[in-house]
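What follows is a short report on a single structure.
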Amino acid sequence: MTVAGWTTRADVLGKLRRRWDSGELLGAFVTGQPAVPLEIPLRAPRSREIAANLAAVQDWAQRWREDDGAGLRVEYAPVGGRLVGVNDLPCRVRVEEWQSLWSLLGVASVVRRFSALIDETQLVAPALVEWMVTRPHEVLAVADEWHTLVATVLWIDAHAGPGTYLRQIDAPGADTKFVERHRAVLARLLDRQLPAERIDFDCPAANFAGRYHFRRKPQYIRFRWLDPGRDTAGFSELTVPAAELAAMPLNARTILVVENDTTYLALPELADTVALFGGGYAVTRLGSLSWLADRRLCYWGDIDTHGFAILDRLRGSFPHTESVLMDRTTLLAHEQHWVRENSPAVAMLDGLRPAEAELYRDLVEDTFGPAVRLEQERIRFSIVESALARL
């Protein structure tokens, strides 16, 4: 706007640019919708403004006369009265042709490219065109790779199945990195290309493999026998797929889940006991081992807010889980070994037992100091041996 608030050419172009940025105009053009002529009303001088500032009004009107025909058609309306007489002043502008609009916005080459992508896609993957029309600028953002994206979608539609890994996608120009980089766009396209039964709508696009029923990388579980007289097929320690371990229960009375790698390796001998390496919040993968419900299950993690959050998560699958060395006495006995916890958890943990919940609350509320943490590898090993012997 001018100082007086009268509409300028820049104001009109700004309004047109916003409509372009929304994708509305481009979508209407490629589908043949009658989006033109476009009309934009102008904020013109009022009668008293003409009388008070005639020279400025004449200058404003002259500028619009010069713009008339340069892609814009200017319409006039009588303004005035007894003081200044009646004057025909610009009241609105019209854009009457698509090409005029593209020229005004400087986007003619972009429109041609998008139209070509629409035509080409219509021939090979017509189910994708409707989304393209509603999201033209998202298409243009990946225009250089659009043909590879379409080829990837078509390959998945024709060849992928529950036994297919993402690595096996064999569309020209596509590989695992390409899929990862463009998974958001690919997800939107696959949602329109694939039949509903091939999509798990409960999985977000971030879980690309799960959403489109690709074969996922197996989850692995690492375990070792702490009983020196026991092993599995001659091995004292193994890392195996979780699905296979779920089908092959370990014949041990006690299962001890431990977080720290070095601690896991240094655990003392314990009769009829297997140690599982926890892996932090990945402990949820143990949920597939339904036979753990029939074992004495113990969890030993760090004494910090996240350690208790992981314990709570494990109890979501196995409520009978016992905690080991995650108590107030152990914490206070090792004050010289406390460190600061990064980004403490603050969630409500319903699976904790009363003493655990009280200690967790004290950690959250900094009762012992700011973000206190005792890592399990800092606990004196003689105390570890005594506690585990009591198992």
Side-chain angles (χ1 to χ4, degrees), residues 221-228 236-237 239 252 254-286 296-316 318-391:
I221 295 176
R222 179 182 174 191
F223 70 92
R224 60 184 291 255
W225 281 93
L226 301 183
D227 188 330
S236 62
E237 182 178 12
T239 298
T254 301
I255 305 297
L256 174 62
V257 181
V258 180
E259 288 300 326
N260 178 263
D261 183 61
T262 302
T263 300
Y264 162 84
L265 293 172
L267 288 170
E269 295 180 355
L270 291 172
D272 208 11
T273 301
V274 166
L276 299 183
F277 185 61
Y281 284 99
V283 74
T284 52
R285 70 190 186 282
L286 301 183
R296 184 181 186 189
L297 181 59
C298 301
Y299 174 77
W300 177 22
D302 298 327
I303 303 180
D304 62 11
T305 62
H306 286 284
F308 282 111
I310 295 168
L311 171 62
D312 178 82
R313 185 168 292 191
L314 183 57
R315 283 203 180 125
F318 305 105
H320 70 296
T321 303
E322 304 172 37
S323 63
V324 177
L325 290 168
M326 296 179 69
D327 55 81
R328 187 180 301 269
T329 299
T330 301
L331 177 66
L332 297 179
H334 294 80
E335 183 174 357
Q336 62 182 332
H337 297 295
W338 293 353
V339 295
R340 191 181 184 97
E341 182 180 20
N342 295 323
S343 304
V346 294
M348 295 292 295
L349 304 180
D350 297 328
L352 300 184
R353 294 169 184 171
E356 297 164 349
E358 184 179 355
L359 179 54
Y360 172 71
R361 184 182 64 248
D362 286 343
L363 292 170
V364 170
E365 296 177 353
D366 293 335
T367 300
F368 307 107
V372 165
R373 180 188 193 200
L374 176 62
E375 297 164 308
Q376 62 180 185
E377 65 266 35
R378 296 178 182 270
I379 298 175
R380 291 182 57 195
F381 202 72
S382 59
I383 293 178
V384 172
E385 291 178 310
S386 296
L388 296 183
R390 290 194 293 273
L391 292 179

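Residue numbers run from 1 in the order of the sequence given. Owing to the predicted nature of the structure, the values given are computational and were not obtained by experimental measurement.
Residues passing the side chain to side chain contact (heavy atoms under 4.5 Å, CB included) test with Thr284, sequence neighbours excluded: Arg313. Contacts of Tyr264 classified as ring pair (Phe, Tyr, Trp, His ring centres under 6.0 Å), with partners at least two apart in sequence or in another chain: Phe277. Ala309 is linked by a side chain to side chain contact (heavy atoms under 4.5 Å, CB included) to Tyr281, Leu349, counting only residues two or more places apart in sequence or in another chain. Remark: Glu385 pairs with no residue by the salt bridge (charged side-chain N to carboxylate O under 4.0 Å, His left out) rule, at least two apart or across chains. Take Glu322 and apply the salt bridge (charged side-chain N to carboxylate O under 4.0 Å, His left out) test, not counting sequence neighbours, and it matches Arg296. Qualifying salt bridge (charged side-chain N to carboxylate O under 4.0 Å, His left out) partners for Glu237, counting only residues two or more places apart in sequence or in other chains: Arg222. Shown here are the salt bridge (charged side-chain N to carboxylate O under 4.0 Å, His left out) partners of Glu341, two or more places apart in sequence or in another chain: there are none. Considering only residues two or more places apart in sequence or on other chains, Asp327 meets the side chain to side chain contact (heavy atoms under 4.5 Å, CB included) condition with Thr329, Thr330. In this structure, the side chain to side chain donor-acceptor pair (under 3.5 Å) partners of Glu377, at least two apart in sequence or on a different chain, are Asn260. Checked against ring pair (Phe, Tyr, Trp, His ring centres under 6.0 Å), Phe381 has no partners two or more places apart in sequence or in another chain. Arg378 pairs by the side chain to side chain contact (heavy atoms under 4.5 Å, CB included) definition with His337, Val339, Leu374, Glu375, not counting sequence neighbours.
Here the closest non-hydrogen pair linking Gly278 and Arg285 is O-NH1, 2.8 Å. The two atoms that bring Gly307 and Tyr299 nearest to each other are O-CE2, 3.8 Å, heavy atoms only.
Each side-chain hydrogen bond (donor to acceptor under 3.5 Å, both in side chains) pair with one or both residues in residues 350-361, not counting sequence neighbours, appears once here: Arg315-Glu356, Ser323-Glu356.
For the atom pair CZ (Arg373) and CD1 (Ile303), the distance works out to 11.5 Å, reported to the nearest 0.5 Å.
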